[in-house]
A.B. asks: 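Quick one: structure below, then a few questions.
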Amino acid sequence: MEDLSLHILDIVENSINAGARNVVIIVREDRAKDQMEIEITDDGKGMSAEVIGKATNPFYTTRTTRRIGLGLGLFDEAARMANGRMDIRSSPESGTTIAATFQLTNIDLKPLGDMAATLVTLIAGNPEVNFAYRHERDGETLLVDTKDLRARLQGVSMNSPDILAFIRTYIAELSDTLSKPARR
Ligand SMILES: Nc1ncnc2c1ncn2[C@@H]1O[C@H](COP(=O)(O)OP(=O)(O)O)[C@@H](O)[C@H]1O
Ligand SMILES: [Mg+2]
């Protein structure tokens with residue numbers, strides 16, 4: 001997987017499979033600290049300590065469709081490659097947070113990629129789930145919250161083509177107004 005946005009899509013699919021109704025995605029770039037943090041928090045069914053212990057093992061999955069689980073293991077590897085780490089904070093009561101750090105100037109840091117496409121894919125496939133996306137770069141913030149959007153849409157379906165096109169443009173334009181990415 002080349003882009004972190006595709007890892008994020010995969011990690012959020014876990015949240016959906018866990019029955020989450022609210023998912024918060026945070027990307028935080030801090031050039032002074034030479035660090036990027038990616039955090040995905042859900043209110044799904046959470047993991048027991050036993051599942052957490054096995055979750056980054058590529059041969060562990062509770063899914064029954066494909067007998068291999070790779071999402072968390074590959075995200076963990078992407079973080080390590082960029083001199084960072086991935087942590088799982090989860091319990092059956094509180095849901096799950098997957099938190100990863102990356103060194104911004106690391107040569108092996110994967111590009112963030114197309115977060116607008118990731119968001120649009122998630123929203124189109126899961127119109128009943130609330131997604132909040134927050135991207136901070138050196139103190140500037142881009143925020144998209146489907147709960148707010150839905151309130152303003154007044155009954156228009158969240159996954160109608162017009163609305164999805166609007167969301168895609170909105171995220172892409174706002175991303176441009178954040179100051180230049182730390183690299184490239
Ligand atoms: N957000 C989550 N909530 C609850 N359980 C999770 C979550 N993310 C991962 N898991 C558990 O960890 C396992 C491994 O996840 P992953 O590495 O993405 O592989 P896969 O999704 O293919 O099973 C899942 O099968 C599931 O049991
Ligand atoms: Mg998965």
Side-chain angles (χ1 to χ4, degrees), residues 1-29 35-103 106 108-136 143-150 158-159 167 171:
M1 238 182 300
E2 279 314 307
D3 290 348
L4 293 173
S5 58
L6 296 176
H7 285 275
I8 292 171
L9 181 60
D10 203 57
I11 297 298
V12 177
E13 294 293 350
N14 288 338
S15 303
I16 305 293
N17 291 338
R21 278 290 166 268
N22 296 282
V23 178
V24 180
I25 302 165
I26 299 175
V27 176
R28 204 177 280 122
E29 291 176 64
Q35 194 178 70
M36 175 162 68
E37 293 166 22
I38 296 178
E39 256 180 44
I40 295 124
T41 297
D42 69 55
D43 61 353
K45 69 177 182 191
M47 296 182 234
S48 65
E50 197 202 344
V51 171
I52 294 172
K54 294 178 185 164
T56 55
N57 179 331
F59 299 103
Y60 180 76
T61 178
T62 57
R63 286 186 308 104
T64 49
T65 43
R66 186 183 60 186
R67 289 308 309 167
I68 192 164
L70 285 172
L72 288 170
L74 289 177
F75 195 44
D76 182 57
E77 186 185 84
R80 284 167 197 262
M81 268 170 45
N83 199 22
R85 56 180 290 173
M86 187 194 79
D87 287 310
I88 302 173
R89 299 192 280 271
S90 185
S91 75
E93 297 76 38
S94 60
T96 299
T97 295
I98 306 297
T101 58
F102 307 80
Q103 185 188 13
N106 196 287
D108 290 320
L109 176 67
K110 294 185 184 185
L112 184 58
D114 191 349
M115 280 304 296
T118 283
L119 262 289
V120 165
T121 302
L122 288 168
I123 294 166
N126 309 279
E128 72 292 354
V129 176
N130 293 318
F131 294 101
Y133 171 52
R134 184 182 178 87
H135 189 160
E136 296 175 24
L143 183 66
V144 178
D145 189 333
T146 57
K147 209 190 289 176
D148 296 345
L149 281 174
R150 200 174 290 118
M158 200 65 194
N159 57 358
I167 293 170
I171 294 176

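Note that this is a predicted model, so its numbers are computed, not measured. Scope of the values below: all heavy atoms of this structure, side chains included, with no hydrogens, waters or symmetry mates. Counting starts at 1 for both ligands and their atoms, in listed order.
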A.B. asks: Taking only residues two or more places apart in sequence, or in another chain, which ones meet D145 in a salt bridge (Lys or Arg N to Asp or Glu O under 4.0 Å)?
C.D. replies: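 Salt bridge (Lys or Arg N to Asp or Glu O under 4.0 Å) check on D145 returns nothing, list empty.
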A.B. asks: Quick one: pull up NZ in K110 and OG in S5 and give me the separation to the nearest 0.5 Å.
C.D. replies: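 The distance works out to 10.5 Å.
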A.B. asks: Test of understanding: with side-chain contact (heavy atoms from CB on, under 4.5 Å), list the residues that count as partners of A20, not counting sequence neighbours.
C.D. replies: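 Here the qualifying residues are S15, V23, D42, D43.
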A.B. asks: Minimum heavy-atom separation for A99 to R89, with atom names?
C.D. replies: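 Reported closest heavy-atom pair: CB-NH2, 3.7 Å.
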A.B. asks: Roughly how far, to the nearest 0.5 Å, is the NZ atom of K54 from the CG atom of L72?
C.D. replies: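 Spacing of CG (L72) from NZ (K54) equals 14.5 Å.
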A.B. asks: Could you name the option among G19, A55, G73 that has the heavy atom nearest to atom 14 (C) of ligand 1?
C.D. replies: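 Shortest heavy-atom distance from atom 14 (C) of ligand 1: A55.
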A.B. asks: Is there a polar contact between ligand 1 and M47, counting only N or O atoms under 3.5 Å apart?
C.D. replies: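 No: no nitrogen or oxygen of M47 is under 3.5 Å from one in ligand 1.
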A.B. asks: Under 4.0 Å from any heavy atom of T96, which atoms of ligand 1 are there?
C.D. replies: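 This gives 1 (N), 2 (C), 3 (N) as the contact atoms.
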A.B. asks: Closer than 4.0 Å to some heavy atom of A18 - which atoms of ligand 1 meet that?
C.D. replies: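 Taking each heavy atom of A18 in turn, ligand 1 has 3 (N), 4 (C) under 4.0 Å.
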A.B. asks: Are any of the N/O atoms in K45 less than 3.5 Å from those in ligand 1?
C.D. replies: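 For ligand 1, there is no N or O atom that lies under 3.5 Å from one belonging to K45.
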A.B. asks: Does ligand 1 come near enough to D10 that some N or O of the ligand is less than 3.5 Å from an N or O of the residue?
C.D. replies: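 Looking only at distances, the answer is no, because the N/O contact criterion of under 3.5 Å is not met.
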A.B. asks: Backbone, side chain, both or neither: what part of D42 comes under 4.0 angstrom of ligand 1, heavy atoms only?
C.D. replies: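 Under 4.0 Å from ligand 1, D42 contributes side-chain atoms alone.
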A.B. asks: Has N14 got an N/O/S atom less than 2.8 Å from the Mg ion (ligand 2)?
C.D. replies: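 So N14 does bind the Mg ion (ligand 2) by this criterion.
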A.B. asks: Between the side chain of T41 and the main-chain N/O of T97, is any donor-acceptor distance below 3.5 Å?
C.D. replies: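 Here the side-chain-to-backbone pair does not exist.
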A.B. asks: Does the N or O separation between L72 and ligand 1 drop below 3.5 Å for any pair?
C.D. replies: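 In this structure, L72 places an N or O atom under 3.5 Å from an N or O of ligand 1.
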A.B. asks: Under a 3.5 Å distance rule, please check whether T146 uses its side chain to pair with a backbone N or O of L149 as donor and acceptor.
C.D. replies: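 Side chain of T146 to backbone of L149, a donor-acceptor pair under 3.5 Å: no, none is there.
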A.B. asks: With a cut-off of 4.0 Å, which atoms of ligand 1 are near a heavy atom of G46?
C.D. replies: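 Every atom of ligand 1 under 4.0 Å from some heavy atom of G46: 4 (C).
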